[in-house]
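A single structure is presented below for examination.
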Amino acid sequence: MAAVSERTSACMNGRDLAIVAIVIIAWGSNFTAMKLALDELPPFLFVGLRFLILLPLLAVLPRPPVPWWKILAVGTLINMGQFAFLFAAMQADVTAGLASLLLQAQAPLTILLSALFLGERVRGIQILGISVAVAGLVIFGVGAGGNLTRVGLGLVLCGALCWAGGNLVLKGLRGVSMLPLFIWASLVPPVPMLALSLAVEGPEPVATIAALSMQGWVAVVYVALISTVLGYSLWGALLARHKAADVTPFALLIPVVGIATAALVLGERLTPLEVTGALVIMAGLALAVLGPRLRPV
């Protein structure tokens, strides 16, 4: 969800706000679809199948004008690393709603990595926001139980770290459309993930895929097409018409939709301690992401 353009417009009209809502719903509900697919697919096989489905789109989307190493880096870090860790966590160690929240740790991690490797300035209010978010994560670590284990927390944070690392690659790609980039980056996961699945998840991935129910296939296609193709197409259109600073804060609504959808569809419920941790993390994310815009100096 990185910026593709810095072009400006006066303000968002009703049509663009509706597009924002569609994208946030697609990306937030995506975690529930992941959980449904993981009821029938092991995580590494799911990662491979998810991106295998996207490969036919290479025939209609030209390769983005970026070096191959950047395409491969995005494919390795975001498409493969992020989802391998996330799906492994979601299969048994974290609920869909909490996964949608905890994965947003990528935002403060991106800030920290950018300061460490790119020399970007970290503002005081961002440090405060990161500290608050970490406090929220500590609450989850202390209260780990039925909805989230410490193993699940660690795996989701590894996925967030992979996403943050991929964001550093994306930072130098202004003006590049994200949809073709992520489709071409889909070349990376299928072979290694299917090989890893064959090695550790069972000898018959083809039989597992053949046994997928209709609900399982709908969930896989939803994750592959609705989340990736529809989501990035619409998000890219928004970023082409508005400043990134006006669009990207809406991503903070993803875990809100994620938790609500998981509660509605899967019947997930947060404990009082988890609600506290979620609110603390959201407050920290808001400070880290929105703080520099509220206090520009």
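The chain is numbered in sequence order, starting from 1.
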Determine whether L290 and I24 fall in the same hydrophobic cluster, where Ile, Leu, Val, Met, Phe, Trp and Tyr are linked whenever their side-chain heavy atoms lie under 4.5 Å apart.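 Linked, L290 and I24 end up in one cluster.
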May I have the step-by-step check of side-chain contact (heavy atoms from CB on, under 4.5 Å) for W69 and L72, ending in yes or no? CA-CA 5 Å; W69 75 265; L72 297 177; 5.6 Å; no
What heavy-atom pair brings A88 and L155 nearest, and what distance separates the two atoms?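 In terms of heavy atoms, the two residues are closest at C-CD1, 4.0 Å.
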Please find the pair of heavy atoms, one from M282 and one from P255, that lie closest to each other, and give the distance.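 Minimum heavy-atom contact is SD-CG, 3.7 Å.
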Side-chain donor-acceptor distances from residues 202-213 under 3.5 Å, at least two apart:
unit_1	atom_1	unit_2	atom_2	d
T208	OG1	E204	O	3.2
S213	OG	E40	OE1	3.1
S213	OG	E40	OE2	2.5
S213	OG	Q215	N	3.4
S213	OG	G216	N	3.1

Go through it in stages, so that I can follow the logic: the residues are L45 and M193, the test is side-chain contact (heavy atoms from CB on, under 4.5 Å), and I'd like the CA-CA distance, side-chain angles, deciding distance and then a yes or no. CA-CA 6 Å; L45 181 59; M193 286 291 97; over 6 Å; no
Applying side-chain contact (heavy atoms from CB on, under 4.5 Å), run through I78 and V169 and close with a yes or a no. CA-CA 10 Å; I78 297 182; V169 179; over 6 Å; no
Using only atom types and a distance under 3.5 Å, with no angle test, would you say the side chain of W184 pairs donor to acceptor with the backbone of L61?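 Confirmed, W184 side chain pairs with L61 backbone.
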N30: side chain to side chain donor-acceptor pair (under 3.5 Å) partners, not counting sequence neighbours: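 Counting only residues at least two positions away or on another chain, N30 forms a side chain to side chain donor-acceptor pair (under 3.5 Å) with S227.
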Under 3.5 Å, is there a donor-acceptor pair between the side chain of E268 and the main chain of G97?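 It does hold such a pair.
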Candidate pair R50 and S186, rule side chain to side chain donor-acceptor pair (under 3.5 Å), full reasoning: CA-CA 9 Å; R50 171 198 173 147; S186 298; over 6 Å; no
Ring pair (Phe, Tyr, Trp, His ring centres under 6.0 Å) partners of F87, counting only residues at least two apart: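 Expected list: F46, F83.
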What is the minimum heavy-atom distance between W235 and V247, and which atoms define it?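 Heavy atoms only, the tightest pair is CH2-O, 3.5 Å.
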Donor-acceptor contact below 3.5 Å, side chain T76 vs main chain A73: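 Looks like no, no N/O pair under 3.5 Å.
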Starting from the C-alpha separation in whole Å, work towards a yes-or-no answer on side-chain contact (heavy atoms from CB on, under 4.5 Å) for L161 and L113. CA-CA 9 Å; L161 182 60; L113 292 180; 4.1 Å; yes
Within the structure provided, determine whether V23 and V20 are in side-chain contact (heavy-atom separation under 4.5 Å).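 They are not in contact (no side-chain heavy atoms under 4.5 Å apart), so the answer is no.
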Set of salt bridge (charged side-chain N to carboxylate O under 4.0 Å, His left out) partners for E120, sequence neighbours left out: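 With neighbours one apart ignored, the set is K171.
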Can you find a heavy atom in the side chain of L109 that is under 4.5 Å from one in the side chain of L157?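 No, every pair of side-chain atoms sits at 4.5 Å or beyond.
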Decide yes or no for I22 and L234: does some side-chain heavy atom of the first lie under 4.5 Å from some side-chain heavy atom of the second?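 Of all side-chain heavy-atom pairs linking L234 with I22, at least one is under 4.5 Å.
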Keeping Q104 on the side-chain end and L252 on the backbone end, is there a donor-acceptor pair under 3.5 Å?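 Not at all, since once roles are kept as given, no pair shorter than 3.5 Å links the two residues.
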Report yes if the side chains of I19 and R241 come closer than 4.5 Å at any heavy-atom pair, otherwise no.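 Sidechains of R241 and I19: in contact.
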Are L187 and L55 side-chain neighbours, meaning at least one heavy-atom pair lies under 4.5 Å?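 Yes - at least one pair of side-chain heavy atoms lies under 4.5 Å apart.
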Evaluate the side-chain proximity of K70 to L170: yes if any heavy-atom separation is below 4.5 Å, no if none is.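 L170 vs K70: side chains apart.
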List the atom pairs, donor and acceptor, that lie under 3.5 Å between side-chain atoms in residues 126-145 and the rest of the protein, sequence neighbours left out.
unit_1	atom_1	unit_2	atom_2	d
Q126	OE1	R123	N	2.9
S131	OG	I127	O	2.8

Taking all non-hydrogen atoms of both residues, which atom of V156 and which atom of A89 are closest, and how far apart?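 For V156 and A89, the tightest heavy-atom pair comes out as CG2-CB, 3.6 Å.
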Would you please indicate yes or no on a ring centroid separation below 6.0 angstrom for W27 and Y232?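 Here the rings of W27 and Y232 have centres that are less than 6.0 Å from each other.
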Taking only residues two or more places apart in sequence, or in another chain, which ones meet E201 in a side chain to side chain donor-acceptor pair (under 3.5 Å)?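 Counting only residues at least two positions away or on another chain, E201 forms a side chain to side chain donor-acceptor pair (under 3.5 Å) with S197.
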Check whether any side-chain N or O of N147 sits under 3.5 Å from a backbone N or O of R269 as a donor-acceptor pair, and report yes or no.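 Pair found, side chain donor or acceptor close to backbone of R269.
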Do N79 side-chain atoms and F182 backbone N/O form a donor-acceptor pair below 3.5 Å?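 Side chain of N79 to backbone of F182, a donor-acceptor pair under 3.5 Å: yes, one is there.
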Treating Ile, Leu, Val, Met, Phe, Trp and Tyr as nodes and any side-chain heavy-atom pair under 4.5 angstrom as an edge, say whether V265 and Y222 lie in one connected cluster.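 No, V265 and Y222 fall in different hydrophobic clusters.
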Counting only N and O atoms by type, is there a donor-acceptor contact under 3.5 Å from the side chain of K35 to the main-chain atoms of M90?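 It does hold such a pair.
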Spell out, yes or no, whether F85 and L38 are grouped together once hydrophobic residues are joined by side-chain heavy atoms under 4.5 Å, including indirect joins.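 Each belongs to a different hydrophobic cluster.
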Is M80 close to P192 at the side-chain level, that is, under 4.5 Å between some pair of heavy atoms?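 P192 reaches M80 side chain to side chain.
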Side chains of L266 and L36, heavy atoms from C-beta outward: is any pair under 4.5 Å?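 L266 vs L36: side chains touch.
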